[in-house]
Amino acid sequence: MTSFAFVFGCVPLWFASGAGSVARRIMGTTVIGGMLAASAIGIFFIPAIFYFVEKLAGARPQDGVASEVVVRPAEGN
């Protein structure tokens, strides 16, 4: 939500008019596009890559339940 608030705050740069409007439009386009791209990467691509890497590595159990670990007390003392 913070990134979308930032994007909406930069929208006036995109619709700039008057002196220096070309530079403001270029800056607005770059900032808005970069923030949207970074948000899309963080929301969609990183979790998808994580899922596929785990699937390829076989780190996730097939039945979805963690294997049971048996702990025995130490012998002796």
Transitive ILVMFWY side-chain link F44 to I49, under 4.5 Å: no
Ignoring hydrogens and angles, tell me if any N or O in the side chain of R25 forms a donor-acceptor pair with the backbone of A16 under 3.5 Å. yes
Interatomic spacing from CD1 in I32 to CZ in F6 - rounded to 0.5 Å: 8.5 Å
Is there a path of hydrophobic side-chain contacts, each under 4.5 Å between heavy atoms of I/L/V/M/F/W/Y residues, joining V7 to I41? no
V31/L13 under side chain to side chain contact (heavy atoms under 4.5 Å, CB included): CA gap, chis, key distance, verdict: CA-CA 9 Å; V31 169; L13 285 174; 5.5 Å; no
Give a yes or no on whether I43 and F50 share a hydrophobic cluster (residues Ile, Leu, Val, Met, Phe, Trp, Tyr; joining criterion: side-chain heavy atoms under 4.5 Å apart). no
Tell me whether Y51 is reachable from F45 by hopping between hydrophobic residues (I, L, V, M, F, W, Y) whose side-chain heavy atoms are closer than 4.5 Å. no
Working to the nearest 0.5 Å, report the span between OG of S17 and CZ of R24. 9.0 Å
Kindly work out whether a path of hydrophobic side-chain contacts (I/L/V/M/F/W/Y, heavy atoms less than 4.5 Å apart) joins F15 to I26. no
